[in-house]
2 protein chains.
Amino acid sequence: MDDKLEGRRATVHDVARTAGVSLATVDRVLNARPGVRPETAEKVEAAIKALDFRRDLSASLLARARDLRVVFLIPGGSNAFMESLTAAIARRARATRNERLTLAAVQYHALDPSALVARLDGLGAREADCAVVVAPDDPAVARAIDAVTRRGVAVLTLVSDLPGSARRQFIGIDNQAAGRSAASLLGRFCASGKVGIIAGSLGLRDHRERFEGFSGVLGREFAQLKVVGPVEGFDDDAATEAAAMSMLEAHPDLSGIYSLGAGNAGLVAALGRTHRAGNIRVVAHELTDTTRDALRAGTLDVVLDQNPDGEIRAAIAAARQVALSPDAEIHSDPIEIGIFLRDNLR
Amino acid sequence: MDDKLEGRRATVHDVARTAGVSLATVDRVLNARPGVRPETAEKVEAAIKALDFRRDLSASLLARARDLRVVFLIPGGSNAFMESLTAAIARRARATRNERLTLAAVQYHALDPSALVARLDGLGAREADCAVVVAPDDPAVARAIDAVTRRGVAVLTLVSDLPGSARRQFIGIDNQAAGRSAASLLGRFCASGKVGIIAGSLGLRDHRERFEGFSGVLGREFAQLKVVGPVEGFDDDAATEAAAMSMLEAHPDLSGIYSLGAGNAGLVAALGRTHRAGNIRVVAHELTDTTRDALRAGTLDVVLDQNPDGEIRAAIAAARQVALSPDAEIHSDPIEIGIFLRDNLR
DNA sequence: GACAGCGTGAGGTACGTGCCTCATGACCTA
DNA sequence: TAGGTCATGAGGCACGTACCTCACGCTGTC
C-alpha cells in the first residue's frame, strides 16, 4: 500500500542546475572546500534542501577511492568487557571489508588518561576519518578530543560519555535505566532483608549513574529492603573478592546483591567460599565467560548487558554518517540494555 | 605469486588476469549469466577464491543503476505488534534512501493464507529483489514461497519461520528461550501458588514454542508453582478478556500470569475489573502502547519484546547479502529478546 | 564447404561523486 | 594601468562493477 513511484533521486547535477551554479561549486560546498562566497553557498544549500538531495553513499565511497577509516581507542588490561568490545570490532571488521570501511582497534593503558591523550594527539585526518573512544571522565582527555576534532577527525564516545567535549555523539546505554532495572528485579526477587551494592569505582561516570538509578527505585518502591554499601572493587577480581567477603561476613541476612562494575569473578568466588551461592539473588553487569558460567550455575540470577556488538554496529553507522556529512545531525537507534537470565543466554 | 598489491583489495580485473580469461567472462560468472563452459567457470571461481575477491558493494550498487528493492509482506488488521513492525519499516525506509535501497510494505489479510499466496504469486524479479514475509504455518504458503524463489526473488521469513520452504533465512527471536525466560522470572517472582497461561492460539508455531519453553522451566525448576491453562484468546482483546475473566474468577489464589500472545488490552481490563491489578505478577509479550501503559501502572511486571526495529534492520542486512551474492551463506546477528520493566522502557 | 551455434575476447558506456587543472572575469591595491 | 587575489565555470579522469554490442574462432552437421 505504500508503493510510491517517486521519480529519480536528485544528483549533484540537479543541485547545480537548480542553484544556477556549476558542478564544481556544488562540489566545493558539499565538501566544505574554500573558494565559495557565502551568498553562493546559500543558494546551493537552498537547492539541496529544495530537492532533498542526499549524496549517494555508494558513489561517494567509490569516488574517494579509499576506505573510511575508523579507529577505536579502547582501554587495555584484563577487563573482560573491554576484551569483548575488541572482539566485536574484529568480527565487524571482517564483514565490512567489502563495504569500503576499515576498522582498527587500538588499546591504551587503562587508568592512565595521559596514554589516551597521547594516542589522540597522534591522530590526524591523514590517519583516520573517525575515532571512537571509550574515555575516562578527565578534562585533559576532553581537551585532546577537541584538538583532534579541529584536525578533522570526528570523535564519538562509547560506553561512557564526555558531554563537555567536542565529541559528536555518545554511543552507549542509559546507565540510570540499567540501575533502575536492577532495583526493580531485585525488589521483586527479595521479599525482605538487605541488599548489598558492589561498584567498580564511583569515580566512573557510568558506575555512578547505575548506582543513582538503583538507589532511587529501591528507596521509592521497595522500602522494606535495606541497602548495604556501596563498596568498591575497582573492576579487579581480587579487590572485588575481598570487598564481597567482608560484606558477606558482616551481613548474614543479605538477600540480594547488585554488582554494577566488573570483577565479577571475585564476587562469584566469595559467594562460593561463604556457601551462599544460590541463596542470594544476584544481579550483575556484562555477559562474559565468568558471568555466563555463573548464570548457568545459578550463582547469578540476572546479567545486564551493554551488547558490545550492537554498540560497535551503532558506532560504525554513526561514523559513516559523520564522515560523509560532517554537519548533519546523526540519527541512530538507542542501544538497548540486554537483560539475560540463564534461559535466554546467547 | 606476484602479489605486490598487498594493501589493495582484488578487483574483477585481478580475477580476470589470474584466471587467464577476459573481463567479460568473469562478469558472466559473477552474475550467473549464460555462455561460460563449466571448466572455464571453475578457473574463475578458483581465482576468486585465491585472491579472496569480493565484489565491491558500493560499486556494484552504483553500476546496476537501480535500487535494491525489498518488499515486506505483513499481515494487516488491528494487531498492534504488526503495526509497530510496519512503523519500523517506514522509519528504516527514510534512512536507506541514500543507500540505494527501496523498501515497500504490503499488507495482506491476516488469517487468510490465500491472500498472502496471491501477493506472492504477483511478485517476480521485475518487481522486487527480495521478499520478507511474516507467514502463517501453511503448506500453500510454503509452495508459493518456493515458486517466487524460482522466479528469482529471494525470500526471508520474519517473526515466524517456515522451515520446509525455500526461504533463505529466518529472522526472529528464539521463542523457546522467550518462554523459558518468562518462567524463570515468574518463578523468582512467585514463592508459591498458581500461574496462569494465556495464549493467542496454540496453532501458531511461535506461540506453541513459547508455551513449551515456559512449561519446561517451570516444571523443572519451580515445581512448587501449579500451572493453570493454557487458555486461548486468539490475539483478540475481547476474547482474551473473557478468557482471563473466567480464569481469574476460577482461581482466587492465582499469583502469576504469562500472556504469550497479543490481546493484552483484554487481560489488563480483566485484571482491573477483578481488582487484581498489581497483586498478580504478570509477564506479557511485545511493547505496545497498551503494554507500556500497563508497565508504568504496575499492572504488568515484565514485557518480552521482539524488537521490531532490530528485526527490520537484520532483515534488510540479510536482504542485501542475498541479493548481491545469491549463493553465499548469510551471516547475521541473532535477534535478541528484549526484556522490559517499567524502569528501562524506551 | 557452408552454416549455425556456442564460448570467449575486446571494448565501450554508464552509474554519481571526488578531486584535479585550467581559464575567465571581477575586484582590489600599488 | 599592471599585477594580484578571489570566486566561479568548464571539463576531465578516476573509482569498480554492470551490462551492452560486436567480432572471432572453434565445434558439429548436412
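Throughout, protein chains are lettered first and strands after them, A, B, ... in sequence-line order, and every chain is numbered starting at 1. The model shown is predicted, which means the values in this text are computed figures rather than measured ones. Values reported hereafter were calculated over all heavy atoms of this structure, with side chains retained and with hydrogens, waters and symmetry mates removed.
- Of the listed residues (A:L156, A:I312, A:V106), just one forms a side-chain contact (heavy atoms from CB on, under 4.5 Å) with A:F72, and that residue is A:I312.
- In this structure, the side chains of A:Q306 and A:I335 stay at 4.5 Å or more apart for every pair of heavy atoms.
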Under 3.5 Å, sequence neighbours excluded: what are the donor-acceptor pairs made by side chains of residues 26-35 of chain B?
residue: B:D27; atom: OD1; partner: B:N31; partner atom: ND2; Å: 3.0
residue: B:D27; atom: OD1; partner: B:R33; partner atom: NH2; Å: 3.4
residue: B:D27; atom: OD2; partner: B:R33; partner atom: NH2; Å: 2.6
residue: B:N31; atom: OD1; partner: B:R55; partner atom: NH1; Å: 3.1
residue: B:N31; atom: ND2; partner: B:D27; partner atom: O; Å: 3.2

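- The bend of the helix from C:dG1-D:dC30 to C:dC27-D:dG4, defined by the angle between the axes of its first five and last five pairs, stands at 40° to the nearest 10°.
- Rounded to whole Å, atom P of C:dC15 lies 10 Å from atom CZ of B:R100.
- By the side chain to side chain contact (heavy atoms under 4.5 Å, CB included) test, B:V148 is found to be paired with B:L120, B:L123, B:R151, B:V153, B:V155, residues two or more places apart in sequence or in another chain being considered.
- Across the protein-nucleic acid pair, A:D56 atom CG and D:dT17 atom C1' stand 14 Å apart, rounded to whole Å.
- A:R69 has its side chain out of reach of A:V71: every pair of non-hydrogen atoms, C-beta onward, lies at least 4.5 Å apart.
- Nearest nucleotide to the B:T11 side chain, out of C:dG18, C:dG9, D:dT17: D:dT17.
- OP1 or OP2 of C:dG9 sits under 4.0 Å from a side-chain N or O of B:S22.
- Two residues, A:A41 and A:A59, neighbour DNA chain D, and the one matched to the more 5' nucleotide by heavy-atom proximity is A:A41.
- With sequence neighbours excluded, no residue forms a side chain to side chain donor-acceptor pair (under 3.5 Å) with B:R92.
- One atom, CZ of B:R17, and another, P of C:dG9, lie 15 Å apart when rounded to the nearest Å.
- Computed from coordinates, the B:L61 CG to D:dT17 P distance equals 12 Å when rounded to whole Å.
- Distance, B:E42 CD to C:dG7 C1': 16 Å, rounded to whole Å.
- Residues B:V36 and B:T25 form a side-chain contact, since some pair of their non-hydrogen atoms from C-beta on lies under 4.5 Å apart.
- For B:H13, whose side chain is taken as the heavy atoms from C-beta onward, the closest listed nucleotide among C:dG16, C:dG9, D:dT17 is D:dT17.
- The nearest whole Å value for the distance from the CG atom in B:L68 to the C1' atom in D:dT17 is 15 Å.
- The distance from atom CG of A:L30 to atom C1' of C:dT17 is 9 Å, rounded to the nearest whole Å.
- Looking at the side chain of A:R55, the nearest of the listed nucleotides C:dT17, C:dT8, D:dT17 is C:dT17.
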Look for any protein N or O under 3.5 Å of an N or O in nucleotides 19-27 of chain D and output each such pair with its distance, or none.
residue: D:dC19; atom: OP2; partner: B:R33; partner atom: NH1; Å: 2.9

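- One can place CD1 of A:I48 at 17 Å from P of C:dG16, the figure rounded to the nearest angstrom.
- Residues B:L85 and B:V134 are in side-chain contact: their nearest non-hydrogen atoms beyond the backbone lie under 4.5 Å apart.
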Identify all side-chain donor-acceptor contacts of residues 136-145 of chain B below 3.5 Å with residues at least two apart in sequence or on another chain.
residue: B:D137; atom: OD2; partner: B:R205; partner atom: NE; Å: 3.3
residue: B:D137; atom: OD2; partner: B:R205; partner atom: NH2; Å: 3.3
residue: B:D138; atom: OD1; partner: B:A140; partner atom: N; Å: 2.8

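- Between A:S58 and B:R37, the one whose closest nucleotide on DNA chain C sits nearer the 5' end is B:R37.
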